[in-house]
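First listed ligand is number 1; within each ligand, the first listed atom is number 1. Here the structure is a predicted model, which is why all the values come from computation and not from measurement.
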Amino acid sequence: SAHMDSIGLVATHIDEKGFVRVGALGGVGAKEVAYTPVRFQNGTCGLICVKGDADLDKVKVSDLFIDIGAANREEAEKLVQVGDALVYDTPVRQAAGRVISPYLDDRIACLVLLLAMGRLEETENDLYFVFSTQEEVGCRGAKTAAWAINPDYGIAVDVTGADDEPGSKHQASSLCGKGAAVKVMDRSVICPPELVERLMGLAAEKGIPAQRDVLQMGGTDAGPMQATRSGVYAGGISIPCRYTHTPTEMVDLGDVEACAQLTATFSM
Ligand code: CO
Ligand code: ZN
């Protein structure tokens with residue numbers, strides 16, 4: 001399973017000056033999104049602003065203003081309605097062997113599933129590739145998918161925190177560029193040790209770079225997969241990601257390839 005949804009914001013109010021006020025869809029850090037260009041589904045563009053005298057360390061999502069260029073409420077209401085969702089409108093860039101982009105969480109894992117499918121050879125296993133929804137607001141899509149499929153094994157493919165960001169406090173263990181991160185645990189799951197060893201063993205056997213991943217914040221689709229029906233062997237293959245949930249996330253393309261290889265190898 002890899003999730004197709006991403007974090008975002010939703011319009012909750014339009015004020016008399018034409019600024020749009022918003023609520024969070026998932027884990028949006030208000031401080032991290034100040035002055036980010038955004039886009040509504042209908043194409044309306046805007047900019048996330050905060051009050052000039054705001055203390056960025058104390059800013060909450062409810063303190064953000066979306067400036068869509070409108071002169072007043074009447075003009076703004078022609079462009080945006082309460083309930084409209086908006087996303088970061090930041091560019092995709094390649095920097096050395098890494099990519100900088102919004103929403104690598106978890107679009108990059110959707111790519112990993114596609115790459116893995118492309119590599120698959122004959123297998124006697126019944127395979128299901130799930131592109132799940134609403135992960136960022138509580139792993140809801142994986143919950144129903146796991147119940148419907150009732151698998152023997154479930155693997156969540158997602159990004160994981162990187163421990164090599166500036167000033168990292170070791171809440172994550174994986175390093176960017178060191179290969180596929182094999183999930184030991186996150187806040188939603190403790191993976192069966194046999195499954196962790198199986199994935200690490202397969203990686204070693206096939207020469208796929210891999211590392212053990214302990215993440216002390218956040219959850220993944222592995223959580224609801226493990227707890228479905230009478231329980232499922234659930235694990236995770238993750239792409240280490242720097243600056244997760246900011247408008248500019250970063251992953252290493254070698255890690256993406258390693259994750260695709262390990263996902264395909266495990267499936268066969
Ligand atoms: Co996320
Ligand atoms: Zn994710």
Side-chain angles (χ1 to χ4, degrees), residues 1-10 22-33 36 38 48 61 85-88 90 92 98-116 129-146 154-163 165 168 171-174 176 180-189 191 211 213-227 234-253 255-256 258-260 262-263:
S1 176
H3 68 92
M4 293 188 292
D5 64 300
S6 64
I7 58 167
L9 296 163
V10 60
V22 290
L25 296 168
V28 173
K31 172 185 171 180
E32 294 163 352
V33 301
T36 296
V38 291
I48 301 176
V61 170
L86 56 146
V87 293
Y88 308 139
T90 41
V92 179
R98 293 179 177 167
V99 59
I100 301 168
S101 166
Y103 306 123
L104 290 170
D105 175 12
D106 195 24
R107 307 286 163 77
I108 199 68
C110 294
L111 175 66
V112 165
L113 290 198
L114 295 172
L115 290 171
F129 290 87
V130 172
F131 296 85
S132 67
T133 56
Q134 298 193 24
E135 190 270 355
E136 295 289 0
V137 286
C139 302
R140 296 169 186 166
K143 205 172 283 179
T144 53
I155 300 288
V157 183
D158 206 328
V159 299
T160 186
D163 197 26
E165 289 181 13
S168 176
Q171 294 289 293
S173 64
S174 292
C176 224
V182 172
K183 185 177 296 300
V184 174
M185 60 171 285
D186 60 35
R187 290 233 327 243
S188 71
V189 70
C191 302
Q211 52 191 327
D213 183 44
V214 175
L215 183 66
Q216 294 180 72
M217 66 275 193
T220 57
D221 283 352
M225 284 196 280
Q226 182 182 56
I237 295 174
S238 305
I239 309 102
C241 180
R242 290 185 182 173
Y243 326 118
T244 307
H245 284 197
T246 74
T248 48
E249 301 177 326
M250 179 189 280
V251 299
D252 184 281
L253 293 172
D255 295 340
V256 175
C259 287
L262 187 56
T263 304

State, yes or no, whether a side-chain contact exists between Glu136 and Asp106 at a heavy-atom distance under 4.5 Å.
no
If you look at Glu136, which of its N/O/S atoms is nearest to the Co ion (ligand 1)?
OE2
Please check if the side chain of Arg107 supplies one atom and the backbone of Met4 the other of a donor-acceptor pair under 3.5 Å.
yes
With a cut-off of 2.8 Å, does any N, O or S atom of Asp105 fall short of it relative to the Zn ion (ligand 2)?
yes
For the pair Asp221 and Asp158, evaluate side chain to side chain contact (heavy atoms under 4.5 Å, CB included) and give the outcome as yes or no after the intermediate values.
CA-CA 8 Å; Asp221 283 352; Asp158 206 328; 5.9 Å; no
Return yes when at least one N/O/S atom of His245 is nearer than 2.8 Å to the Co ion (ligand 1), and no when none is.
yes
If I take the Zn ion (ligand 2) as the centre, what angle separates the NE2 atom of His3 from the OD2 atom of Asp158? Nearest 10 degrees is fine.
90°
Test side chain to side chain contact (heavy atoms under 4.5 Å, CB included) applied to Leu114 and Phe129, step by step:
CA-CA 9 Å; Leu114 295 172; Phe129 290 87; over 6 Å; no
Closer than 2.8 Å to the Co ion (ligand 1): does that hold for any N, O or S atom in Asp105?
yes
Of all heavy-atom pairs between Ser1 and Leu113, which one has the smallest distance, and what is that distance?
C-CD1, 4.3 Å
